[in-house]
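Okay, structure first, notes after.
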Amino acid sequence: MKTLKEVELRDKRVLLRADLDVPLDERGGIKDDARLKIAIPTIKYVLEKGAKQIVIMGHIDRPRGQVVDMLRMDRVAVRLIKLLGRHVYKLDDCIGKGIPRGERIILLENLRFHPEEEANDEGFAKQLAAYGDIYVNNAFATCHREQASLHAITKHLPGCIGLQVEEELKHLDIDKMKKPIVALIGGAKLKTKIPLIQAMLTKADKVLIGGAMIFTFYAAQNLEIGKSLCDMNYAMNAKMMLNNEKLVLPKDIVIADYENQEAGIRTVAHNEIPKKSIGLDIGEQSLEEFKQELRKAETIIWNGPMGYYEKPPFDKATNELAKIIAELDCNRIVGGGDTADALHKLDIAHKFNFISTGGGAALELLAGKELAALKALDENEVNFS
Ligand code: ADP
Ligand code: MG
């Protein structure tokens, strides 16, 4: 797979798949332009290397194959103009439109207005490919999907990865991480985290588990978990991991009354959760144990909050661990939107070595899977001329 720096860009038309999926407020305004800022170095690099034209494409949200006015790319165009300090010409569709002479930076309309995008349609990909001589994939967060602008398109143009994807691959390669590796895994849905936990039990040296997933592990041991979140579909998977010496589960839990979560807040042992309570954070003793394990690490991989961090005081363990990890002198890698959000709220994100821009994609990569779009780039090496 080629990287952007290995490709001759002079006088070429570059078709860039970027990650433009910004969060919007109720009126369609851009709430956070972090993703657009991540696209800027790649766009600037392409222009500096003398590309004739750069055509940028991406999606916002899930319009499900229909035109949804609120999800048009117009505001993205305006923000890109501001961030680049250069003009960006926006087209009203992503296929079949002509580009006026002299325009150097072009933005296509939301790809997902066409159902063919998510269907990985060949013909649609070919129409997109008509806009470029070279394809650049810089949309890391969507690289685990088989979609036309990421996957089918690789058959029609010579392609490479953009600067952000290159960074992500460099930082999320667990085989290159310094040992001992300690993985800290939290969050809500065990379903999405099982492959990650399994991979970490193989590749890491310790795997500390927090978040709502712990209750499935307790339930798998027939412990009372009250009204805590739990997914019995995965109890067997959990049970099979229980005997692994690398796995560390919390020994105390912060609970609240299920009916009124402002009441009954206290810490109990993990095997003493009352029937009418819900577990919402890990307790002080577990926090201490996790801290001690984290201090031994050369590399820490963190994905998923330790508790219901959106609602204090259940943000305590997440915040305390974040602050402690921020001060440790080792390689610290973070994946997951909510985890990143927690770090940004504390204003300590800059202290971490790497915060991935991909949720699902980062999980798949860390779990040792090849990302579908990158695999396609690799396999369909259309020749560069
Ligand atoms: P990330 O986006 O970092 O990958 P996830 O999306 O997997 O993280 O999980 C984050 C969510 O998990 C948050 O909304 C958080 O409130 C929830 N969560 C964590 N622990 C608990 C818990 N004990 N009870 C309920 N929700 C929890
Ligand atoms: Mg999340």
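When reading the values below, keep in mind they use all heavy atoms of this one structure, side chains included, and skip hydrogens, waters and symmetry mates. Index from 1, following the sequence. Just follow the structure's listing: the first ligand is 1, and inside any ligand the first atom is 1.
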Is there any side-chain hydrogen bond (donor to acceptor under 3.5 Å, both in side chains) pair reaching into residues 224-233, and which pairs are they, with sequence neighbours excluded?
-> Asp231-Asn233
Quick one: which of Ile197, Thr202, Leu196 gives a side-chain contact (heavy atoms from CB on, under 4.5 Å) with Met200?
-> Leu196
Report all N/O contacts between ligand 1 and the protein shorter than 3.5 Å as a table of atom names and distances to 0.1 Å; if there are none, say 'none'.
residue  : atom   : partner : partner atom : Å
ligand 1 : 2 (O)  : Gly337  : N            : 3.3
ligand 1 : 2 (O)  : Asp338  : N            : 2.8
ligand 1 : 2 (O)  : Asp338  : OD2          : 2.8
ligand 1 : 3 (O)  : Asp338  : N            : 3.3
ligand 1 : 3 (O)  : Thr339  : N            : 2.9
ligand 1 : 3 (O)  : Thr339  : OG1          : 2.5
ligand 1 : 4 (O)  : Lys193  : NZ           : 3.3
ligand 1 : 6 (O)  : Asp338  : OD2          : 3.0
ligand 1 : 7 (O)  : Lys193  : NZ           : 2.7
ligand 1 : 9 (O)  : Ala188  : N            : 3.3
ligand 1 : 12 (O) : Ala188  : N            : 3.4
ligand 1 : 14 (O) : Glu310  : OE2          : 2.5
ligand 1 : 16 (O) : Glu310  : OE1          : 2.5
ligand 1 : 16 (O) : Glu310  : OE2          : 3.4
ligand 1 : 20 (N) : Ala212  : N            : 3.2
ligand 1 : 20 (N) : Gly307  : O            : 3.4
ligand 1 : 23 (N) : Gly279  : O            : 3.1

Is any side-chain heavy atom of Ile60 closer than 4.5 Å to a side-chain heavy atom of Met73?
-> yes
Quick one: do Lys90 and Asp92 satisfy salt bridge (Lys or Arg N to Asp or Glu O under 4.0 Å)? Show the steps, please.
-> CA-CA 7 Å; Lys90 190 213 153 237; Asp92 289 337; 3.5 Å; yes
Quick one: sort the His114 and Phe124 rings into parallel, tilted or perpendicular, breaks at 30° and 60°.
-> tilted
Considering residues at least two apart in sequence or located in another chain, which fulfil the side-chain hydrogen bond (donor to acceptor under 3.5 Å, both in side chains) criterion with Lys206?
-> none
Heavy atoms from other residues, nucleotides or ligands near CD of Glu6 exceed 12 (cutoff 6.0 Å) | yes
Is the shortest heavy-atom distance from the side chain of Met1 to the side chain of Leu169 under 4.5 Å?
-> yes
N-O pairing of Glu109 and Arg72 below 4.0 Å = yes
Listed protein N/O/S atoms, distance to the Mg ion (ligand 2) under 2.8 Å | Asp338 OD2
